[in-house]
Amino acid sequence: MISLNHYLVLSGILFAIGTAGVFLRRNLITILLSIEIMLNAVNVTFVAVGRYLGTVDGQIITFFVMTVAAAEAAVGLALVIALFRHRETLSPDAFTLLKW
Amino acid sequence: MNTMAATIPIVIVVLSAIAAMLAEAFRHPGERMPIAGLGLIGLVGAAVASCFLWNTDATSFGVVRADNFSLFINIILCIIGILTMVFSNDVVEREDLPPGEYYALTLFGISGMMLMAAATDLLVIFLALEVLSLSVYVLTALRRSSVAGAEAAFKYFLLGAFSSAFFLYGIAFAFTIAGSTRLDAVATAVASGPSTTLALLAVGLLAVGFAFKVSAVPFHMWTPDAYEGAPTIVTAFMSTGVKAAAFGAFVRVFLSTLQPLQGQWIPVLAVVSAATMIVGTVVGVLQSNIKRMLAYSSIAHAGYLLLGIVSANSAGKAAVLFYLLAYAVANIGALGIVALLGTAEHQHDQLRDFAGLWKTRPGLAALMTVFLLSLGGFPPTAGFIGKWYIFSAAVQEGHYTLAIIGVLSSVVSVFYYLRIVVMMYMTEDTGVAARPVVSVPSMAGLWAAMIVTFYLGVLPTRVIDYALQSIQTIL
Amino acid sequence: MDLNAIGFFVFAAIAVLASLGVVAQRNPMHSVMLLIVSFGALAGLYVLLDAPFSAVTQIIIYAGAIMVLFLFVVMLLNAHTEADAAPPVLGPRGMQIGALLSMLLAVELVWGLSRLGLTWFGNDPATIANISSVSRIGLAIFTTHAFAFEVTSILILVSMVGAVVIARRGQ
Amino acid sequence: MLLLIPLLPFAGFLINTSIGRRLPKAVTGGLACLAMLAAFAVAVMASLTANAAATHAVQQTVFRWIPSGDFQIPFALRVDPLATVMILVITGIGSLIHIYSTAYMHDETDSEYARYFSYLNLFAAFMLVLVLGANFPVMFVGWEGVGLCSYLLIGYWFKKKTAADAGKKAFIVNRVGDFGFILGMLLLFVTFGSLDFQEVASRAAGMPVEHVMGAMTIATLLLFLGATGKSAQIPLYVWLPDAMEGPTPVSALIHAATMVTAGVYMIGRNAVLFQHAPITLGIVAGIGTATALMAGTIGLVQNDIKRVLAYSTVSQLGYMFLAMGVGAYAAGVFHLYTHAFFKALLFLGSGAVIHALAGEQDMRNMGGLRKALPITFWTFLIATIAISGIPPLAGFFSKDEILFNAYSKGFHILWAIGVLTALLTATYMFRLVFLTFFGERRHDAPAAPAHPEEEEPTAQAAGHGASAIGAGGAPSTPHGAPSTPHGAPSAKHGAPHGALHDAPPAMAFALIVLAIGSIFAGFVGVPQALGGSNRLERFLEPSFEAHATAIGEFGPAGTTPATAPNEGAAATHGEGTEAQGVEYTLMGVSVGAAAAGILIAFYFWYRNRAAAARMARSLSPVYTLLLNKYYVDELYDAAIVHPIENGSRVGLWRGIDVGVIDGAVNGVGALVRATSSGLRRAQTGSIRTYAASLFAGVVLILGWYLWR
Amino acid sequence: MLLTTVVFVPLIGAILVLFAGGRGDRPEREPLVRYLALAVSLVEFVLTLWLWSRFDPASSGFQFVEQRAWLPQFGISYHLGLDGISLFLVVLTGFLTPLSLLTSWEAIHTNQKLFSFFLLALETAMLGVFVSLDLFLFYIFWDAVLIPMYFLIGIWGYDRRIYAAVKFILYTMVGSILMLIAIIGLAYAHASTAGTPSFDLLDLYGTVLPWGLEKWFFLAFTLAFIIKVPLFPFHTWLPDAHVEAPTGGSVILAGVMLKMGTYGLLRFSFPLFPNAAHVYAPWLAILAVIGIIYGALVAMVQPDLKKLVAYSSVSHLGFVVLGLCVMNVNGIEGAVYQMLNHGVSTGGLFIIVGMLSDRRHTRLIAEFGGLKGVMPMLARVFLLVTLSSIALPGMNGFIGEFLILLGAWRANPRIASVAAIGVILSAVYMLWMFQRVNYGTVDNEKNRRLPDLSAREWAMMVPTVALAIFMGILPGIFLRPMEPSVMKILDVMHGTSTAAAVIRKPVTAPPPAPPPVETLAAREAR
């Protein structure tokens, strides 16, 4: 049988994978994708917990999260474009004008 | 009471934001339009509305609560907003910012901030957080010609998104134990249940989310870069507004909802607070860019504010409110002056740009000094009362070590505030580029900020009373 | 092992593997594709959780809209692979540290969450019907969560304005 | 009335110091003299009043000076027999020296002249406060005040470095003594609860004599430390010879007649107290004797006329302390009194010589002045005989009194040394006379003071060989009997060749009066053995006793002597034929010693100067040692002054202050900076670093929660 | 209202000056500004004298008391009062401020307006320190003092002024900010017994603290004060601050600000924490004695006049602290008196150094020599001030030092003996300096044509010297009004420590029976 714990653990693993992406990838877009993975991992928790508690709130929250994800993606990608215009690269390590 | 009343201030601000957008849409290229005036009207309206709502404890939709606590923060935010608007009128054009978008986003940001402090639902807090964050991200990148702006915005954005994922995960765990994201439900759940793993995870992750927004160590690293890269007026705005809103929600969630778990989170926040105070002050010592320096200063101030939360008593809560006000006024004043002296070509944000300011602009130099002294916690300014209040809250709870770290770090921070003063008063002007003229309204705004700073420093009784009233609802 | 369990493990495996693929790929295009796969798997899981509406929105909004946006940007910028123009600031060790931290987080989460007593999903059909009902969801969105919904509208407005103002070329 | 005594000279000081520089010399000098004479008159009146009183004392409380808790010090003045002697000496001899100075200092500019007299008046005022003070703090005002004036007057020619140095040295060495004095006062107050002399005496009288180191012994030792400073005793005598840098009348007044005797006076003033501390008395006697001998030996070989006199002063002060130490307070004061006459005379005479020779002070450049300066010569000779102790001049009686007391109280060794010193005294004094006034002139002209460099080489030679001694030739000692005098008492004044002027009238007057004094002053204390009645001793007696009750304000009050500490001294003196026999013998011995001394001097420095040179050569190490004053200055320099100065500069200031303490302070700052620059490196600018930091925070927090 | 008036008149004057100066740096208004500021300071001086004339010397309590609610939530009130100790410090402040304005008359030319503003504002803050009876209020004034002084040093100072100013403010802040924590802690400790927190000094005097708290609070208070004093080894900010400060600043710094430290010890540290005071006073006394000797020795070898005077302050203030630490009436009266003396004589010394510096733009001793020949009058007042500083009997310094030594001797003769060495050393360094500056021949050409005292300089020096002598001759005028207050503070120090110790025993962990208490108390009884 599949328990809530399974989903929670899965969610945790996905979340951790998402975080890893932030460090492993040297491409701004992939980093954004990693954050999407994290958000989705959370969504899994919401849906599973909603199912467990028998409430639709979990699902509704996922919709809001999706909205947020979309909004973030829009702004994030716009920023990526802006950065790319300035530097013609997507490597995060290229943007170290501001430091120390 | 389920009325719309509680949302009125927020709605007013949103409306003025939309009005600003529309105004921009109808603006002829090259035409000057007093969009700042629209914002001002909205903010004053919101402030007035907040005053009318005082003591009504209105609740709307079960998720927005205009209790005195949120109204106090509303007022702080309105002050921040009004000052920002006033300064913006001078700055926006000079800084080459698109006015319509700038004002609209600023006002949207303020509405998000107000909502964040007023929301009693974790989901709404999250959404409000996103509204204000996105506004601020965009504002940071608003000057399109600036690489630094884009870089700063992206760093801020990416880390913000990263941290809001953690925050969201925390909400998920809270949802798991409470079955709802309403704060009251969460409070009941944590009060009744033992401190389970889930509750601890929720506490930890929520703390991370807030700590990021208030730029506490080690979640602070975006702060200097974002503050430095953003247009100065935006730095002024976000360094005060975001902090006020985030601390509002932080206090509400941790000192009210999660109060039963305080044995769990106080040690963590205590360490964070100590680290924040130390890093914020120590690293600030060597900065040569004023915005960056003030960024570290704002980190340090976050540490002091965290100390208020760590104290977890009513003095601590009231102290956080008072401190936010004192800090906001002084910080926006200081950064406002930097902004008012800058142009798109010459940011006027290096330390040496301030050399000999008192000779050419004695008034501005004096105002800057007052703000810096307030930030440094010298009597008889607001900053001193704020620090004193925070530390007395900490001492009351026996957090002597933290208080001592706090006061010592504030001495170190004085060092770098004084570096600016040294530049302004004790160094000769070495041919800094011509500084633009500061308009009368901006000057009036600065003077008003100074008067508030002194008022709070000399006669803080009334405001402290308000602050103490404000925390009645989140006991 | 019932179907449900099999479905879970299959989808979970796909999701995890695809996600790993996302972070392992040097080509962002591939990453996006793999992410879509992962989302699809998650949609499958939602179905298993009796949340068909969520599954659908997951596919439509996430895989359909957001990912397309990503794809669009990837193609717009023509950045098919990681640029090595700038040397990594942290170097390989930095990546190792980051990966290690992620591993640690995974371990922590798995350990912490598996420490909870096993909690089984209820099988009350009424409840299941309740949560899979689109109308109930709609009702909840526009009553209980109406304010949040309104807030999202502002959020989207902000992101729209922001995206436009940032991405548009200078006058 | 008592207040008037110091106030008169003080008024003179105020006038001269404020407007004196605009007044002509006649006015300033006259004013100063007038102030002194008036003070003298008042002092005489006060003395008569006091003597008439039943307690032999009158007191005036001017005002409450220091009120602090139980420490209540009035500013009170008191005249008793001891003070009578002192004020008369001070105002009397002081007046003469003022008069003398009007001529001696005549070549100064108006403003400098006024300055000189203002200092001199100020000195007199403080000296009078010192002796009139009815309690320790008031005495201390005068005590330090005279030190100040001494400082100012020694450094009167402030442009001359040696003078300024000497002034400073005098003040600082005196301060070392004052250190003891202050502590002594503190201890006395804590012990007796009062600092009034009378009260201290009466309370001390009620206590048993301390034969171990008790409070009184320590207190008196501390006070004695003060006395060694003021009165130039071992170990603090070193300032006095240097003090000869001041104008000669100053040397006469301050460094011979009055100020340096303050220590003696102080012991006399506290006779009861010292009487209760026999250990201290022994030390006083020992130190006094040792000083007398040592200074006498040094005086034997010095070439600077004033330095010889200075060492003579030190030596005579040693005598006085010997007297005090053996409990013969009256004898000590008696010697103080006679010494004031002849030593002032000697100094003034030497001043006249120097004046005539336009500033020359080196005896090797003198000689044969007998005829050129008759008044000076004769008066000088009288003083020399007096100091040598030849009867019936003043010095004989007082010196004999001391030696008799020393012997009769069992201090035979001290007595022997005293006699030896008497011989030395006679020797070096007559050496001085012979070198200065007899023989042929060894200088052709008033020395050209502006050419020190010409004298340098020979000065070096003289330092090592003894060849020069006595025979003239090498003019200077290595120790800088400075022989390049300040040019002050005037190069203009001396006539170019040969024609030397004797003392001008004002100076002559002072010389003659003092000479008369030197002859007759001793008769107030003729011992009974010689048919006298020793009036002085009986006169002074009340001052050395304790009075149970305080003395009324200007009025006689009941007096009940508690003890008479000097009963031995007073009573045994001259009683019984056996004692008288001893006394005659002792007198004979001391007179014999003096005569021997004169003869030695006559042989070596009048008849056969070559012998002196030979002697010096054959005893070269001793000679060098003496010439260099036992190297005490050098020793102090090497052992105290330089270590302290260098230690302070290198060790304390550069090392500890700048290095360690401030280094630590700045080190904290540097540490903060270093930490800062280290921490800011973490802010690499790479977003992934930032995320790592954030993420590490998350992992730590969650890990902590889950791990617990 | 009397005290409020006295405290705030300078501030109002400062603001007036600011307006009178007009916008920006306007040289043509300089005379107006100067005279206005001087007039304000003189009016203030008259006011302080007026206070003195209305002061009841027989009373031991606080007079002219004003109390008004301020932050009632925390037991903070606006509470002012004056007793025999603070009275004279107030008068001293009133006396020195016009002098420091006068001494800057010609030295300060850049932005006279601001200079006068800061100086007058500083006066308000200092007066506030001396009359506050509420710890919170006191701390506000205490900290507020730093800012004007910082500007005075930093703007109008010499070459290394910025370093000195920053060092000054940071160093003194470190101490005082820890005191802030202790103040808060004390108020809440009071709350734990009395129910409500109170920052009122008079309430807190009786507060009984557990030893663990009392110890730390005492140390925190004391650290703040001894840094300000400054006591060895916390003194290194002082030479830097003095050397770099403009003359007017140095006068105030040495004349008044250092007294804030010793005043704080007397008013706050010792009576608030009597048990701790009894335990630690001997250690402080040892530090004080080290400071006396050390300051003197280091002063001796300084090549710079101002540094020399600065280190001499370390030595003199060591005497003051010693007098306080012995906790008997002579010691404390002597200490208070010595505070006044030091203000007058060191203030005078700084004024003189300022005159030399105005004339020659250097303060190196080696640059001078033979000035007595060039400027006889200056040398004369210089001598008088020097003598006052080395405590010549008949001048002010003697009274103070003697009383302190007497008090110290009563407590511990050994300490007093060592401290008395300072008497010797002060003569050494002061006279040596005096000689090198004034005596000898003029061998530096630049010194040959220096003008003697001007009328303005006479106006500064005559009152200073007159006061120095007056205070030496008639100390009773000052000591008598002081005595009741000193006795009262002594009561607080000793009374609580003996009477309360009995009450305290069950309440707290046994305070480590402090051995020095016995010896001190026993000696006191004698």
Side-chain angles (χ1 to χ4, degrees), chain B residues 315 318 358-363 365-366 369-370 373 376-381 384-385 387-404 406-419 421-427 457-462 464-465 467-468, chain E residues 18 21 23-25 69-74 76 110-111 113-114 117 125 128 136-137 139-147 150-151 153-157 161-163 165-166 169-189 191-192 197 199 213 216 220:
Chain B
W358 78 309
K359 291 244 168 73
T360 47
R361 300 285 175 81
T369 307
V370 170
L373 290 179
F378 276 95
T381 58
F384 169 71
I385 304 283
K387 283 220 172 76
W388 166 80
Y389 206 178
I390 292 265
F391 293 139
S392 58
V395 165
Q396 225 175 324
E397 295 301 311
H399 296 300
Y400 279 102
T401 314
L402 283 177
I404 286 169
V407 290
L408 289 181
S409 73
S410 85
V411 172
V412 178
S413 75
V414 164
F415 172 76
Y416 57 75
Y417 296 131
L418 289 183
R419 285 181 73 199
V421 177
V422 164
M423 272 297 159
M424 292 191 300
Y425 281 89
M426 303 169 195
T427 312
V458 177
L459 297 170
T461 316
R462 179 169 303 189
I464 286 180
D465 266 339
L468 283 169
Chain E
L18 216 47
R23 289 174 62 88
D25 194 3
W70 184 18
L71 282 166
Q73 304 98 326
F74 310 102
I76 293 169
T110 48
N111 216 328
K113 171 185 70 175
L114 218 51
F117 170 80
F136 185 76
L137 185 63
Y139 185 83
I140 286 192
F141 283 124
W142 173 270
D143 243 15
V145 165
L146 299 179
I147 302 161
Y150 165 76
F151 279 105
I153 297 174
I155 299 181
W156 293 279
R161 60 184 189 277
I162 294 171
Y163 168 76
V166 171
I169 199 165
L170 291 184
Y171 202 150
T172 47
M173 257 191 99
V174 168
S176 55
I177 206 128
L178 290 176
M179 175 171 74
L180 177 65
I181 298 292
I183 289 176
I184 295 168
L186 184 59
Y188 286 105
S192 68
F199 287 80
L213 279 182
W216 289 110

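Chain letters run A, B, ... following the sequence lines, proteins first, then strands; residues in each count from 1. Only this structure's heavy atoms are used, side chains among them; waters, hydrogens and symmetry mates stay out.
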Using a 3.5 Å distance criterion without hydrogens, assess whether the side chain of E:Q73 forms a donor-acceptor pair with backbone atoms of B:I464. no

Quick one, E:I169 and B:F378 - any side-chain contact, counting heavy atoms below 4.5 Å? yes

Measure distances from B:L459 to the heavy atoms of chain E and classify the residue's part below 4.5 Å as side chain, backbone, both or neither. both

Determine whether a donor-acceptor pair (N or O, by modelled atom type, separation under 3.5 Å) exists between the side chain of B:T381 and the backbone of B:G457. no

Does any heavy atom of chain B fall under 4.5 Å from the side chain of E:I153, the backbone, both, or neither of them? neither

Need one label for B:T369: side chain, backbone, both or neither, based on atoms under 4.5 Å from any heavy atom in chain E. side chain

Applying a strict 4.5 Å limit to non-hydrogen atoms, the region of B:V458 in contact with chain E is backbone

Check whether any side-chain heavy atom of E:L114 lies under 4.5 Å from a side-chain heavy atom of E:F151, and answer yes or no. no

Run the numbers on E:F199 and E:Y139 for ring pair (Phe, Tyr, Trp, His ring centres under 6.0 Å), then give the verdict. CA-CA 10 Å; E:F199 287 80; E:Y139 185 83; over 10 Å; no

Whatever's closer than 4.5 Å to a heavy atom in chain E on B:Y425 counts as both

Pick from E:V174, E:L180, E:I147, E:L178: which one has the most heavy-atom pairs with chain B under 4.5 Å? E:I147

For chain E, which of B:T427, B:I404, B:V421 has the most heavy-atom pairs under 4.5 Å? B:V421

Of all heavy-atom pairs between E:I181 and B:V407, which one has the smallest distance, and what is that distance? CD1-CG1, 3.6 Å

By a 4.5 Å heavy-atom criterion (distance strictly below it), what part of E:Y150 contacts chain B: side chain, backbone, both, or neither? both

So which part of E:L146 gets closer than 4.5 Å to some heavy atom of chain B, the side chain, the backbone, both or neither? side chain

